Amino acid sequence: SLSPPEFQAALLTRLSVDLPDGLDAATDGLLIHSDNFQALNLLQARYREQVKCIYIDPPYNSPSSEILYKNSFKHSSWLSLMENRIICAARLMKSDGSLICAIDENEHVRLNLLFRQIFSSDYYEHNTIVVRHNTKGIQGGYLSINNDFALVISKFGSKSEGKNIPEENREWSNFRNWGGESERNTAKNCFYPIIIKNMEIVGFGDVLPDNIHPNHNEILDDNLIAIYPIDGNGIERKWTYARQSVENISHLLKVEKLKNGNYEIKKTRDKERYKTVWDDSKYIAGDYGSKILNNIIGSKKFDFPKSLYTVLDSILLSSKKYDTILDYFAGSGTTAHAV
């Protein structure tokens with residue numbers, strides 16, 4: 001720290017007195033200025049198995065920025081630097097956590113093999129995202145390279161948080177099942193009324209007994225209408241969600257009135273799975289990395305900052321609000337900015 005020891009002690013004492021829940025409760029981030037291997041060891045006891053997402057953008061060991069190495073150990077020296085830090089960081093990951101590592105073509109293959117050695121394919125899923133981060137590409141080679149990669153390590157069975165779909169891009173489909181295995185008798189807890197009033201869903205009724213056969217629409221008291229999953233031919237079918245879980249997705253439902261006077265319930269999705277090719281213009285590093293950073297600090301002090309949105313989507317891919325995020329190659333601070 002840049003502050004005198006006496007000041008630090010006085011500050012921490014005051015914080016402990018004024019904050020009954022402790023300093024941790026009042027601190028929403030932790031920045032450590034250190035060699036990252038030493039810092040990772042320092043964090044072991046406090047953050048063991050608590051980190052949901054590790055995002056790192058390490059040195060690429062490209063020809064223009066090779067690390068120091070002896071004799072012909074160029075790649076093994078770099079892999080050693082990566083390995084001992086990855087192993088140390090892995091102990092901090094939650095059981096359903098993930099690690100996302102940016103890399104380019106120079107060490108992509110070797111790093112992929114290292115990850116498969118550390119994170120057994122029997123327990124972890126390995127994916128590679130291709131990120132188009134440069135519109136013009138790097139000139140001079142056989143091909144003009146305009147992408148790098150993000151290696152994604154996640155535990156088998158864990159689910160991505162999904163990518164938000166803007167309202168204007170959402171598609172709607174019938175909430176009533178159709179086709180094979182869609183009839184009422186195939187899932188009895190999926191046959192219940194959805195209650196609407198003034199074209200709004202206001203509630204959900206109980207699952208009906210097998211011997212009760214309602215109409216598609218039934219008028220109730222107080223201008224309420226009960227809608228059942230019955231198709232245009234009068235066949236009793238089922239909703240795509242059971243009664244015990246439908247209220248969790250009620251915000252994704254809407255009412256539509258048909259020309260024959262019947263009502264249909266429509267469902268949309270507000271999230272979609274992330275794909276393995278990211279080619280949106282917001283991932284361009286020059287426009288949304290260098291320019292943003294230079295506007296903040298006023299001069300070029302970092303050569304290759306990531307697009308803020310590349311890091312942001314990497315974090316959203318695998319975590320949500322209140323999760324703990326770790327970056328131990330902090331660089332220009334883009335991860336902190338994204339968080």
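It should be emphasised that the depicted structure is a prediction, and the values quoted were computed from it without experimental measurement. FYI, side chains are in, hydrogens and waters are out, and symmetry mates aren't considered; it's all heavy atoms of this structure.
- Below 30°, between 30° and 60°, or above 60°: for His108 and Phe149 the angle between ring planes is below 30°, a parallel geometry.
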N/O donor-acceptor pairs under 3.5 Å from side chains in residues 330-339, not counting sequence neighbours:
unit_1 : atom_1 : unit_2 : atom_2 : d
Ser332 : OG     : Thr334 : OG1    : 3.2
Thr335 : OG1    : Asp327 : OD2    : 2.7

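- Rounding to the nearest 0.5 Å places CG of Asp96 at 6.5 Å from OG of Ser158.
- Shown here is His251, whose NE2 atom has more than 12 heavy atoms of other residues, nucleotides or ligands within 6.0 Å.
- A 6.0 Å sphere centred on CG of Asp222 holds more than 12 heavy atoms belonging to other residues, nucleotides or ligands.
- No donor-acceptor pair under 3.5 Å is formed between the side chain of Trp239 and the backbone N or O of Asn177.
- From Thr276, atom OG1 reaches atom CD1 of Ile129 across 7.5 Å, with rounding to the nearest 0.5 Å.
- Panel note: side chain Ser319, backbone Leu316; no donor-acceptor pair is recorded below 3.5 Å.
- Shown here for Glu247 and Ser250, the closest heavy-atom pair between the two residues is O-OG, 3.2 Å.
- One hydrophobic cluster, built from ILVMFWY side chains closer than 4.5 Å, cannot hold both Leu43 and Phe37; they sit in different ones.
- For the residue pair Asn262/Asn217, the side-chain donor-acceptor check at 3.5 Å is satisfied.
- Under 3.5 Å, the side chains of Thr186 and Glu181 contain no donor-acceptor pair of N or O atoms.
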Val202 and Ile196: CA distance, side-chain angles, deciding distance, side-chain contact (heavy atoms from CB on, under 4.5 Å) verdict
CA-CA 5 Å; Val202 295; Ile196 70 170; 5.7 Å; no
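- Few gaps surround CD on Glu272; more than 12 heavy atoms of other groups in view lie less than 6.0 Å from it.
- A distance-only check finds a donor-acceptor pair linking the side chain of Ser245 to the backbone of Ala242 [under 3.5 Å].
- Environment of CG in Asn185: crowded, with over 12 heavy atoms of neighbouring residues, nucleotides or ligands closer than 6.0 Å.
- Using modelled atom types and a 3.5 Å distance limit, the side chains of Asp104 and Asn106 yield a donor-acceptor pair.
- A 6.0 Å sphere centred on CG of Asp303 holds more than 12 heavy atoms belonging to other residues, nucleotides or ligands.
- Heavy atoms only, all atoms of each residue included: Cys101 and Met82 are closest at SG-CE, 4.2 Å.
- Clustering ILVMFWY residues whenever any of their side-chain heavy atoms sit less than 4.5 angstrom apart, transitively, puts Phe204 in the very cluster that holds Met199.
- The two residues Asn36 and Arg85 come nearest to each other via the heavy atoms OD1-NE, 2.5 Å.
- A side-chain donor-acceptor contact under 3.5 Å links Arg243 to the backbone of Gly205.
- Grouping the Ile, Leu, Val, Met, Phe, Trp and Tyr side chains by contacts below 4.5 angstrom, directly or via other members, places Ile195 apart from Leu252.
- With Asp280 contributing its side chain and Lys282 its backbone, the two residues share a donor-acceptor pair below 3.5 Å.
- To the nearest 0.5 Å, atoms CG (Leu79) and CD (Gln117) are separated by 9.5 Å.
- The two residues Lys238 and Glu183 make their nearest non-hydrogen contact at CD-O, 4.0 Å.
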Evaluate His126 against Arg116 for side-chain contact (heavy atoms from CB on, under 4.5 Å), listing each step before the verdict.
CA-CA 8 Å; His126 296 253; Arg116 291 175 186 275; 3.5 Å; yes
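- Note: Phe156 and Tyr123 fail the aromatic proximity criterion, with ring centroids not under 6.0 Å apart.
- One N or O on the side chain of Asn134 and one on the backbone of Lys136 form a donor-acceptor pair closer than 3.5 Å.
- Ring geometry for Phe175 against Tyr241 counts as parallel: the plane angle stays under 30°, on a 0 to 90° scale with 60° as the upper cut.
- Leu42 is connected to Ile56 through a chain of hydrophobic side-chain contacts under 4.5 Å among Ile, Leu, Val, Met, Phe, Trp and Tyr, so both are in one cluster.
- Judged purely by atom type and a 3.5 angstrom limit, Asn294 has no side-chain atom pairing as donor or acceptor with the backbone of Gly298.
- Atom-to-atom distance recorded for Ile325:CD1 and Asp323:CG is 5.5 Å, nearest 0.5 angstrom.
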Could you check Glu264 against Arg176 for salt bridge (charged side-chain N to carboxylate O under 4.0 Å, His left out), going step by step and ending with a plain yes or no?
CA-CA 8 Å; Glu264 293 283 11; Arg176 184 187 69 241; 3.0 Å; yes
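- Shortest non-hydrogen contact noted between Lys271 and Gly162 is NZ-O, 4.0 Å.
- The backbone N or O of Glu107 lies less than 3.5 Å from no partner atom in the side chain of Trp78, so there is not a single donor-acceptor pair.
- With a 6.0 Å radius and a threshold of 12 heavy atoms from other residues, nucleotides or ligands, Tyr309 has its OH atom at or below the threshold.
- For NZ of Lys266, the number of neighbouring non-hydrogen atoms (other residues, nucleotides, ligands) closer than 6.0 Å is greater than 12.
- When Leu317, Val152, Asn127 are each tested for a side-chain contact (heavy atoms from CB on, under 4.5 Å) with Ser160, only one passes: Leu317.
- A side-chain N or O of Asp313 and one of Tyr283 form a donor-acceptor pair less than 3.5 Å apart.
- Between Lys163 and Asp270 no salt bridge is recorded (no basic side-chain N to carboxylate O distance below 4.0 Å).
- When each of Val109, Leu151, Ile86 is tested with Leu114 by the rule side-chain contact (heavy atoms from CB on, under 4.5 Å), just one qualifies, namely Ile86.
- In terms of heavy atoms, Pro209 sits closest to Arg184 at O-NH2, 2.7 Å.
- Remark: Glu171 CD is loosely packed, at most 12 non-hydrogen atoms of other residues, nucleotides or ligands lying under 6.0 Å away.
- Separating the CG atom in Leu143 from the CD1 atom in Ile138 is a distance of 12.0 Å, to the nearest 0.5 Å.
- The distance from the CZ atom of Arg132 to the OG1 atom of Thr310 is 11.0 Å, given to the nearest 0.5 Å.
- For the residue pair Lys197/Asn223, the side-chain donor-acceptor check at 3.5 Å is not satisfied.
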Decide yes or no on side-chain contact (heavy atoms from CB on, under 4.5 Å) for Leu92 and Gln50, but give the supporting numbers first.
CA-CA 6 Å; Leu92 304 176; Gln50 293 187 42; over 6 Å; no
Ser144 and Gln139: CA distance, side-chain angles, deciding distance, side-chain hydrogen bond (donor to acceptor under 3.5 Å, both in side chains) verdict:
CA-CA 5 Å; Ser144 177; Gln139 309 299 321; 3.2 Å; yes
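- Side chain of Gln38 to backbone of Ser34: no donor-acceptor contact under 3.5 angstrom is found.
- A salt bridge links Asp57 with Lys306: at least one charged nitrogen is closer than 4.0 Å to a carboxylate oxygen.
- A side-chain N or O of Ser98 and one of Ser318 form a donor-acceptor pair less than 3.5 Å apart.
- Linking Ile, Leu, Val, Met, Phe, Trp and Tyr whenever their side-chain heavy atoms come within less than 4.5 Å leaves Phe115 and Tyr55 in two separate clusters.
- Taking the centre and axis of the six-membered ring of Trp172, the NZ or CZ atom of Lys267 falls outside the cone set by 45° and 6.0 Å.
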Step by step, would you call Tyr228 with His216 a ring-ring contact (aromatic ring centres under 6.0 Å, His included)?
CA-CA 5 Å; Tyr228 290 89; His216 182 283; 8.6 Å; no
